[in-house]
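The basis for the numbers below is simple: all heavy atoms, side chains too, and nothing from hydrogens, waters or symmetry mates. Just so we're clear, the structure is a prediction, and the values are computed from it rather than from any experiment.
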Amino acid sequence: MIFIAVKFTVRPEYSDSWLERTAAFTAATRAEEGNLFYDWSRSVDDPNQFVLLEGFASQEAGAVHVGSDHFKTAMETMSELIAATPEIIHTEIPGSSWSAMGELSPKG
């Protein structure tokens, strides 16, 4: 699996509308055949920072994603909304989904 984590620092005036403004891109990416997950979170420490966790089935699926029209459109749109160049972690890891955490489970 290709695992990608990206931190986006958004201009303050767009922070509250970021998820709405990226919703079409998110939906299109989630619909891609090789997409395993594509999930946004907002920082609890910085209301202008969002973290995106993405998983793709293979390098090829990731290349299809980056080559898609919706990716190109999103990069153009996002460039007007961000305050800084996003930070990224991109790596290949074994597996094809999330695993259960062995150290913690619900009581009861």
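Other residues, nucleotides and ligands place more than 12 heavy atoms under 6.0 Å from the CD1 atom of Ile93. Atom CD of Glu20 sits in a sparse spot, with 12 or fewer heavy atoms from other residues, nucleotides or ligands closer than 6.0 Å.
Val51 and Trp98 end up in the same hydrophobic cluster when Ile, Leu, Val, Met, Phe, Trp and Tyr side chains are linked at under 4.5 Å. At a threshold of 4.5 Å between side-chain heavy atoms, the hydrophobic network of Ile, Leu, Val, Met, Phe, Trp and Tyr places Val66 and Leu53 in two separate groups. Note on Ile88 and Phe37: separate hydrophobic clusters, where clusters join Ile, Leu, Val, Met, Phe, Trp and Tyr whose side-chain heavy atoms are under 4.5 Å apart, directly or indirectly.
Residues that satisfy the salt bridge (charged side-chain N to carboxylate O under 4.0 Å, His left out) test with Arg21, not counting sequence neighbours, are absent from this structure. By the ring-ring contact (aromatic ring centres under 6.0 Å, His included) test, Phe3 is found to be paired with no residue, residues two or more places apart in sequence or in another chain being considered. By the salt bridge (charged side-chain N to carboxylate O under 4.0 Å, His left out) test, Asp16 pairs with Arg42, sequence neighbours left out.
Of the inter-residue distances, the one linking Met78 atom CE with Leu81 atom CG reads 8.0 Å to the nearest 0.5 angstrom. Atom CD1 of Ile2 is separated from atom OG1 of Thr91 by 7.5 Å, given to the nearest 0.5 angstrom. Interatomic distance, Phe50 CZ to Thr9 OG1, rounded to the nearest 0.5 Å: 10.0 Å. To the nearest 0.5 Å, atoms OG (Ser41) and NZ (Lys7) are separated by 12.5 Å. The OG1 atom of Thr29 sits 8.5 Å away from atom CG of Leu52, with the distance rounded to the nearest 0.5 Å. Here OG of Ser97 is found 7.0 Å from CE of Met1. Values are rounded to the nearest 0.5 Å.
Arg11 contributes a side-chain N or O that, together with a main-chain N or O of Ile82, makes up a donor-acceptor pair within less than 3.5 Å. Checked by atom type and distance alone, the side chain of Ser68 pairs as donor or acceptor with a backbone atom of Phe71 at under 3.5 Å.
In this structure, Asp39 pairs ionically with Arg30, as a charged nitrogen and a carboxylate oxygen lie closer than 4.0 Å.
When all heavy atoms are compared, the tightest approach of Gly34 to Ala61 is CA-CB, 3.7 Å.
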**OP:** Tell me, with the steps shown, if Leu104 and Met101 meet side chain to side chain contact (heavy atoms under 4.5 Å, CB included).
**Re:** CA-CA 6 Å; Leu104 183 64; Met101 182 177 173; 4.2 Å; yes
Step by step, would you call Ser15 with Asn48 a side chain to side chain donor-acceptor pair (under 3.5 Å)?
-> CA-CA 5 Å; Ser15 292; Asn48 301 320; 2.5 Å; yes
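For the ring pair (Phe, Tyr, Trp, His ring centres under 6.0 Å) criterion with Phe25, the lone passing option out of Trp40, Phe8, Tyr38 is Tyr38.
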